[in-house]
Amino acid sequence: MALLSRDFFAQTDTLRVARHLLGKHLHVRELHTGEVCTLRITETEAYCGTTDRACHAFGGRRTARNEVMYGPPGYVYIYLCYGIHHLLNFVTHQQGEPHAILIRAGEPVAGLQTMLTRRSMQRYEPRLAAGPGSLARALGLTVADSGRYGCEPHRIWVTDAPLIDPEAILEGPRVGVEYAEEDARLPWRFRIRQ
DNA sequence: TTGGCGATTGACT
DNA sequence: GTCAATCGCCAAG
């Protein structure tokens, strides 16, 4: 299927992009070996710019860490959470509008053995890439990859797949953002119904 | 320069 | 169900 272009991520309705990313294939190449691991995206969350209290760019906050969110769409923003977990996001909307989509979960499509090794697992279990920290670990991604372009088949990219039927998409509040007050309740988390 | 804390996970009761 | 791990970030001093 076709590579998702910058135009896909440049759409200004980040909630729509977050829904449309469900079912797409996320690929990460190990640059030393050339091996590609692929996950089918099953869960996403939208973070919508300077007015979203749960977003790292709330209130226009702009630091070295989140600078990539202010850049053009289609780039990846990866940051370290709780000192342990690396979390993968794709930057959306236009340059200067710091929106992003957190990739929270996926199912293996290719490169299973390598992902199992990275997760210290003997055989496939759903927890392989369920949760954003686990997903990044399975794919071998760290903050060293933050700022990479995510629309060319080099290190990180996404390919198209048929749209998921809206009836099969569950919406709910975002996870772990209780501090965001009223914005914590916004149904900006999207999952494929099992 | 410092201290509180987080878009989480896994181990344990 | 509870809770510790673990460290870079960043607002405040």
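Computed over heavy atoms, backbone and side chain alike; hydrogens, waters and symmetry mates excluded. Here is the naming used below: chain letters follow the sequence lines, and residue numbers restart at 1 for every chain.
Scanning all heavy atoms of the two residues, the minimum distance from A:Thr114 to A:Glu35 falls at OG1-OE1, 2.6 Å. Across A:Glu178 and A:Ala184, no two heavy atoms sit closer than the pair CA-CB, 4.0 Å.
Partners of A:Arg61 by salt bridge (charged side-chain N to carboxylate O under 4.0 Å, His left out), not counting sequence neighbours: none found. For A:Arg174, the side chain to side chain donor-acceptor pair (under 3.5 Å) partners are A:Asp52, not counting sequence neighbours. For A:Tyr124, the ring-ring contact (aromatic ring centres under 6.0 Å, His included) criterion is met by no residue, not counting sequence neighbours. Remark: A:Glu30 pairs with A:Arg118 by the salt bridge (charged side-chain N to carboxylate O under 4.0 Å, His left out) rule, at least two apart or across chains. The salt bridge (charged side-chain N to carboxylate O under 4.0 Å, His left out) search around A:Asp13 returns none, not counting sequence neighbours. In terms of the salt bridge (charged side-chain N to carboxylate O under 4.0 Å, His left out) criterion, residue partners of A:Glu107 (sequence neighbours excluded) are, by chain and number, A:Arg40.
Base pairing in DNA chain C yields stems of at least 3 consecutive Watson-Crick or G-U pairs, both distances under 3.5 Å, namely B:1-6 with C:7-12, B:8-12 with C:1-5.
Only A:Leu80, A:Tyr82, listed by number, bring a heavy atom of residues 67-82 of chain A to less than 4.0 angstrom from any atom of DNA chain C. Contacts of residues 43-54 of chain A with DNA chain B (heavy atom under 4.0 Å): A:Tyr47, A:Ala54. Less than 4.0 Å separates DNA chain C from no heavy atom of any residue of residues 172-188 of chain A.
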Could you check A:Leu21 against A:Phe9 for side-chain contact (heavy atoms from CB on, under 4.5 Å), going step by step and ending with a plain yes or no? CA-CA 10 Å; A:Leu21 273 176; A:Phe9 296 99; 4.2 Å; yes
Given A:Thr44 and A:Arg104, is the side-chain contact (heavy atoms from CB on, under 4.5 Å) satisfied, shown in steps? CA-CA 5 Å; A:Thr44 60; A:Arg104 290 193 54 90; over 6 Å; no
Between A:Trp157 and A:Cys151, is the side-chain contact (heavy atoms from CB on, under 4.5 Å) condition met? List the steps. CA-CA 5 Å; A:Trp157 68 100; A:Cys151 303; over 6 Å; no
What nitrogen or oxygen pairs link the protein and nucleotides 9-13 of chain C at under 3.5 Å?
{"residue": "C:dC10", "atom": "OP1", "partner": "A:Thr63", "partner atom": "OG1", "Å": "2.6"}
{"residue": "C:dC10", "atom": "OP2", "partner": "A:Thr63", "partner atom": "OG1", "Å": "3.0"}

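By the neighbour-count criterion of 12 heavy atoms within 6.0 Å, atom CZ of A:Arg53 is densely surrounded, having more than that number from other residues, nucleotides or ligands. Counting non-hydrogen atoms of neighbouring residues, nucleotides and ligands closer than 6.0 angstrom, the CD atom of A:Glu182 exceeds 12 such neighbours.
For the residue pair A:Tyr77 / A:His56, a side-chain donor-acceptor distance below 3.5 Å is found, with atom types taken as modelled. A side-chain N or O of A:Thr38 and one of A:His27 form a donor-acceptor pair less than 3.5 Å apart. Checking A:Tyr47 against A:Glu45 by side-chain atom types alone, a donor-acceptor pair falls below 3.5 Å.
For DNA chain B, the span of nucleotides reached by chain A at under 4.0 Å from its heavy atoms goes, 5' to 3', from B:dG6 to B:dG10.
Taking the ring centre of A:Tyr75 as origin, the terminal cationic atom of A:Arg148 falls outside the region bounded by 6.0 Å and 45° from the ring axis.
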